[in-house]
A.B. asks: 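Here it is, the structure, as structure tokens.
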Amino acid sequence: MSMGIVEKISLFASIAMPLFNIPLIVKIVKRKSSADISKSWAMGVWGCAILMAPSGFTSTDIVWRCFNIVNLVLFTGVVIAIWRYHKYDGKEKV
């Protein structure tokens, strides 16, 4: 079954949207601080992504499956960066 233009655009967007997590990760690492980002927010979003993942992984919808995989990988990176740099609050490591 060939994909129509709407499906192709949707597939592109499902992969592109989570890529916007990369600048956030880079910003956190460069500043060595994630003090301005709530850990509870990050864990809430990440928890929801984890709970949605089985649906995405088993779906026959390529858009949903791709989004879930890319989003879970990249948002996991965000969560790791937030936890890694949150304790420093912009200060040097002691």
A.B. asks: May I ask whether Met52 and Ile69 are part of the same hydrophobic cluster, defined by side-chain heavy atoms of I, L, V, M, F, W, Y residues being less than 4.5 angstrom apart, directly or through others?
C.D. replies: no

A.B. asks: State, yes or no, whether a side-chain contact exists between His86 and Ile37 at a heavy-atom distance under 4.5 Å.
C.D. replies: no

A.B. asks: Would you compute the distance between atom CZ of Arg84 and atom CD1 of Ile28 and round it to the nearest 0.5 angstrom?
C.D. replies: 12.0 Å

A.B. asks: I need the minimum non-hydrogen distance between Pro54 and Leu51, along with the two atoms involved.
C.D. replies: CD-O, 3.5 Å

A.B. asks: Regarding Ser14 and Trp64, do their side chains bring together a donor and an acceptor under 3.5 Å, going by distance alone?
C.D. replies: no

A.B. asks: Where is the tightest heavy-atom contact between Leu72 and Ala53, given as atom of each residue plus distance?
C.D. replies: CD2-CB, 3.9 Å

A.B. asks: Any chance CZ of Phe12 has more than 12 other-residue heavy atoms, nucleotides or ligands included, within less than 6.0 Å?
C.D. replies: no

A.B. asks: Any link between Val70 and Phe67 through a network of hydrophobic side chains (Ile, Leu, Val, Met, Phe, Trp, Tyr) touching at under 4.5 Å?
C.D. replies: no

A.B. asks: Rounded to the nearest 0.5 Å, what separation is found between the CZ atom of Arg65 and the CD1 atom of Ile62?
C.D. replies: 4.0 Å

A.B. asks: If you define the side chain from C-beta out and look only at heavy atoms, does anything of Asn21 sit under 4.5 Å from Asn71?
C.D. replies: yes

A.B. asks: Can you hop from Trp41 to Ile25 via hydrophobic side chains spaced under 4.5 Å?
C.D. replies: yes

A.B. asks: OG of Ser10 to CE of Met3: how many Å apart, nearest 0.5 Å?
C.D. replies: 7.5 Å

A.B. asks: Can you confirm whether more than 12 heavy atoms, excluding those of Lys39, are under 6.0 Å from its NZ atom?
C.D. replies: yes

A.B. asks: Check the pair Asp36 / Arg31 against side chain to side chain contact (heavy atoms under 4.5 Å, CB included), numbers first and verdict last.
C.D. replies: CA-CA 11 Å; Asp36 59 331; Arg31 291 185 315 162; 2.8 Å; yes

A.B. asks: Same cluster or not: are Met43 and Val73 linked, directly or through other Ile, Leu, Val, Met, Phe, Trp or Tyr residues, by side-chain heavy atoms under 4.5 angstrom apart?
C.D. replies: no

A.B. asks: Are Ile80 and Ile22 connected in a single hydrophobic cluster, I mean Ile/Leu/Val/Met/Phe/Trp/Tyr linked by side-chain heavy atoms less than 4.5 Å apart?
C.D. replies: no

A.B. asks: Testing the basics here: between Ile82 and Ala42, what is the closest heavy-atom pair and its distance to 0.1 Å?
C.D. replies: CD1-CB, 3.6 Å

A.B. asks: To check you understand the geometry: which heavy-atom pair defines the closest contact between Pro23 and Leu19, and what is its length?
C.D. replies: CD-O, 3.4 Å

A.B. asks: If I compare all heavy atoms of Cys66 with all of Ile15, which pair ends up nearest, and what's the gap?
C.D. replies: CB-CG1, 4.1 Å

A.B. asks: For a quick test of reading the model, state the closest non-hydrogen atom pair linking Trp46 to Thr76 and the distance between them.
C.D. replies: NE1-OG1, 2.9 Å

